[in-house]
Amino acid sequence: WLITDNSVALLHHDGLRLFINDTVVDARGGVQTSRLLHLTNLHGGLVMAAATAVVAAPMIAAAWRAPHRLGEPSADFCGVAAPCSYDTVRDAEHLALLDQLGARRVLVRAAVWERQRLPQLARWCAQVHELTGNPVVVAVLQNRASVCVPRQWCADLAQIFTALGPHAEAFQLPHAPNRTKWGCFHLGEALDLLAQAERVRQDFPGVRLAGPAVIDFEPAPLARMLFNRRRFTCDIGTSLLYVDRRGAPENTQCGLFDLA
């Protein structure tokens, strides 16, 4: 498979409706699947996210006012992401740096489009597990094909759970569902990915799911991913932040909280 990320092929207006033509192709350029995604799905998703945020606001405010205390040492609480380089020499260097850093919690990425490299990634996870004494957290990266071809998404998850499960504490997915670059055009599609992951993990009793991995602390998408009627359970709650967009850690995010 050669999957085109964010494969928006055609945008046109027919006088009444606006469509996106979403296409997935194989290595020979042949069309495998094509569908029209009505933009009302996007608008409806935004309305649903906003409504969910309004309804959940009192519960979020109550939880925010409750006292919070860090109950574990910072060495166990703080971790580092350590990608597999798929090169034995560089991986050995990275392991030495992890050992020097004293990292105990490590996150490793597993991209669905790199499925052929799973054996190497499994070896990396085993090495990190042995070094730190703790299983890794695996961040599963999806693309547009994961949304458009559910059978492939489920097959990818089964392979990832099988290969990395012995060395993984949890599998975080979907990745940044509120960013279209990772394949989800609206949150309903991200919820579909989680529901399908829930069905797949029924065959893997030891697998724990972490999510919803909304990025940049956006309140409305986060509330929508947490409060819904979909049939899945996240064993661990996760949120992503690549950079502090407001400068110093003491500066507030969304006017409410800081990272200090």
Side-chain angles (χ1 to χ4, degrees), residues 3-14 16-24 32-57 59-60 111-113 139-158 160 171-202 207 209-241 254:
I3 305 301
T4 57
D5 291 331
N6 299 328
S7 53
V8 180
L10 175 65
L11 185 66
H12 67 276
H13 192 272
D14 63 1
L16 294 175
R17 295 175 297 178
L18 201 60
F19 293 95
I20 293 176
N21 186 24
D22 171 42
T23 307
V24 181
Q32 294 293 321
T33 182
S34 179
R35 72 172 184 172
L36 293 178
L37 176 64
H38 201 303
L39 281 192
T40 54
N41 289 340
L42 306 182
H43 300 155
L46 292 174
V47 171
M48 184 64 72
T52 304
V54 171
V55 172
M59 292 180 286
I60 296 173
V112 297
W113 56 89
V140 180
L141 311 185
Q142 76 283 347
N143 60 9
R144 187 62 188 159
S146 304
V147 174
C148 296
V149 191
R151 182 180 300 179
Q152 183 63 57
W153 168 244
C154 292
D156 286 335
L157 287 180
I160 291 171
F171 293 85
Q172 177 182 270
L173 56 94
H175 182 76
N178 52 326
R179 293 292 179 268
T180 58
K181 66 176 288 186
W182 295 107
C184 295
F185 286 171
H186 59 86
L187 295 179
E189 293 181 336
L191 292 171
D192 289 340
L193 294 180
L194 273 168
Q196 292 155 8
E198 180 67 37
R199 289 194 292 270
V200 172
R201 80 153 163 177
Q202 300 309 309
V207 164
L209 296 182
V214 168
I215 193 172
D216 290 337
F217 298 145
E218 294 184 352
L222 179 59
R224 173 62 176 149
M225 294 296 293
L226 291 176
F227 301 98
N228 53 75
R229 295 184 178 180
R230 300 301 184 97
R231 295 182 179 274
F232 67 83
T233 300
C234 288
D235 304 290
I236 303 170
T238 62
S239 186
L240 309 182
L241 183 66
C254 302

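Note that the numbering runs from 1 along the sequence shown for the chain.
Between Arg201 and Thr233 the shortest side-chain heavy-atom distance falls below 4.5 Å. Contact check for Phe171 versus Ile160: side-chain heavy atoms found under the 4.5 Å cut-off. Looking only at side-chain heavy atoms (C-beta outward), Arg230 and Met225 stay at 4.5 Å or farther from each other.
Ion pair Arg179/Glu218 flagged as a salt bridge, since at least one NZ, NE, NH1 or NH2 atom sits closer than 4.0 Å to an Asp/Glu carboxylate oxygen.
Taken from CG in Leu194 to CZ in Arg199, the straight-line distance is 11.0 Å, to the nearest 0.5 Å. In this structure, the separation between OG on Ser146 and CG on Asp192 is 12.5 Å, given to the nearest 0.5 Å. Residue Thr238 holds its OG1 atom at 11.0 Å from CD1 of Ile215, rounded to the nearest 0.5 Å.
The two residues Pro150 and Gln196 have their closest heavy-atom pair at CB-NE2, 3.8 Å. The two residues Pro177 and Ala213 make their nearest non-hydrogen contact at CD-O, 3.3 Å. Between Gln142 and Trp113 the shortest heavy-atom distance is O-CZ3, 3.6 Å. Scanning all heavy atoms of the two residues, the minimum distance from Leu222 to Pro212 falls at CD1-CG, 3.9 Å.
Looking only at distances, no side-chain donor or acceptor of Asn143 sits under 3.5 Å from a matching main-chain atom of Gly183.
Each of Leu157, Leu141, Leu193, Val112 was compared with Leu173 under the side chain to side chain contact (heavy atoms under 4.5 Å, CB included) criterion, and only Leu157 meets it.
Side chain to side chain, Asp156 and Gln152 meet the donor-acceptor criterion of an N or O pair below 3.5 Å.
Ring pair His175/Trp182 is perpendicular by interplanar angle, where above 60° counts as perpendicular and below 30° as parallel.
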